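A short write-up of the structure that comes next.
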Amino acid sequence: MMRYILTMLGMISLPSALAAQTSPADEDAAWSIAIHGGAGTIKRENITPEKDAEIRAALAKALETGSKILRDGGSAMDAITATIMVMEDNPNFNAGKGAVFTWDKTNELDSSIMDGSDRSAGAAAGINGTKNPILLARAVKDKSPHVMLSGAGANQFSREQGLEQVSPDYYATSRRLEQIERVLAKEVSAKDIDYKFGTVGAVAMDSNGNMAAGTSTGGMTGKRWGRIGDSPIIGAGTYADDRACAVSATGSGEYFIRVGVAHEICTRIRMRWPVAIEEAQKTVPKDADGNYTYAIHASEFMLSDEDVQKIADSVIGEMGDLGGTGGIILATPWGQTIYSFNTPGMYRGRADSEGEKSVGIYGDE
Ligand code: ASP
């Protein structure tokens, strides 16, 4: 796909913009991916060096899983699915094995997935029995006429689809059991327990320019009454639209739902883009007849990293103003990956075809 890129920083100047064009050959290979493993009060003093290293290795492994698929020309959907499965299988994260416990000491898992190329989506809420909940979200998207299934019906659909099933105690870890015991004994609030670790998610752009986003979680420790957070809600915890971005969120789900965080960010990017093109057009010199010497075409244009960061930060800021905490990862159709979070840390990582490959935990790195 031919897509020349103009970088616009505030006011664009045409010669420098043209100089920033990339070759079509490079463009063909461009891909990017970002992941998260939860946001919260993740501070150096709360994490041992061993745990720090373990988390970084887990993030790097997940990142490499998705990167390899994208590098080999695979789709964004396949890359995020495989990446999320790696994190679901790792007990360090609150998704799949290692999921937090409900008030009744059960596990109720939530997941969602979205394909930005056609905005098809699938989600599963309050499920149990499926080894990898992200596969159930994907099956809902690909194999059912629905977008969201919940509880017993979703579990039944999973079995009918032949997805790998596990016994109800598969998800349990001693750490999560200890956490729910402490919450039930009122030694510590669920909020304080959860604010250390979380949910997993991935967003990606593949070499065809298609985008995808997915999120998987055990929800919040001690949740009851069938509580569902933002993670399985398309538009709140997950959203992908090839015209704008792919987003996966983590944090205090109720606030992410109220702001519709993932969709809100994508909408603002989609609406900002034509305005930015119009602004750039005005900077193009005119000829003697007063006509622009060059017409800026949408396919030649991208929002700057700063523009995208500002949009993401403003939506996270609004969510924070309501009292929520957490963050997002974001990929754009221009190959950028962005983080935004209002917590001390977020388990995260990103990689792209330009050689970027990094993982992070604390806010200051
Ligand atoms: N957003 C998830 C929920 O509210 C929890 C998390 O991300 O840690 O269920």
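No experiment lies behind these values; they were computed from the predicted model shown. Whatever order the structure lists them in is the order used to number ligands and atoms, beginning at 1. Sequence positions, counted from 1, serve as the residue numbers for this chain.
Those atoms of ligand 1 that come under 4.0 Å of a heavy atom in Arg227, given as number and element, are 3 (C), 4 (O), 9 (O). Numbered from 1 in the order shown, with element, the atoms of ligand 1 that lie under 4.0 Å from a heavy atom of Gly198 read 8 (O). Of all atoms in ligand 1, numbered sequentially from 1 with element shown, those under 4.0 Å from a heavy atom of Ser231 are 1 (N), 2 (C). The Gly253 neighbourhood of ligand 1 comprises atoms 4 (O), with distances under 4.0 Å to a heavy atom of that residue. Those atoms of ligand 1 that come under 4.0 Å of a heavy atom in Asp230, given as number and element, are 1 (N), 2 (C), 3 (C), 4 (O).
A salt bridge links Glu279 with Arg272: at least one charged nitrogen is closer than 4.0 Å to a carboxylate oxygen. A salt bridge links Asp364 and Arg44; the closest N-O separation between the charged side-chain nitrogens and carboxylate oxygens is under 4.0 Å. Between Glu54 and Lys61 there is no salt bridge, since none of the side-chain N atoms of the basic residue sits less than 4.0 Å from a carboxylate O of the acidic one.
In terms of polar-atom proximity, defined here as any N/O pair under 3.5 Å, Asn94 makes no such contact with ligand 1. Between Thr250 and ligand 1, at least one pair of N/O atoms sits closer than 3.5 Å. Annotation: Gly219 places no N or O atom under 3.5 Å from an N or O atom of ligand 1; distance criterion only. An N or O contact shorter than 3.5 Å is missing between Ser252 and ligand 1 by distance.
Geometric assessment of Lys43 against the ring of Tyr362 yields a negative cation-pi assignment under the 6.0 Å and 45° thresholds. A cation-pi arrangement is found for Lys286 relative to Tyr292, the charged atom lying closer than 6.0 Å to the ring centre and inside a 45° cone about the ring normal.
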Residues 161-168 side chain polar contacts: donor-acceptor under 3.5 Å, at least two apart:
residue	atom	partner	partner atom	Å
Gln165	NE2	Ser158	OG	2.8
Gln165	NE2	Leu163	O	3.0
Ser167	OG	Asp169	OD1	2.4

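Hydrophobic clustering, with ILVMFWY side chains joined whenever heavy atoms are under 4.5 angstrom apart, groups Tyr339 together with Val203.
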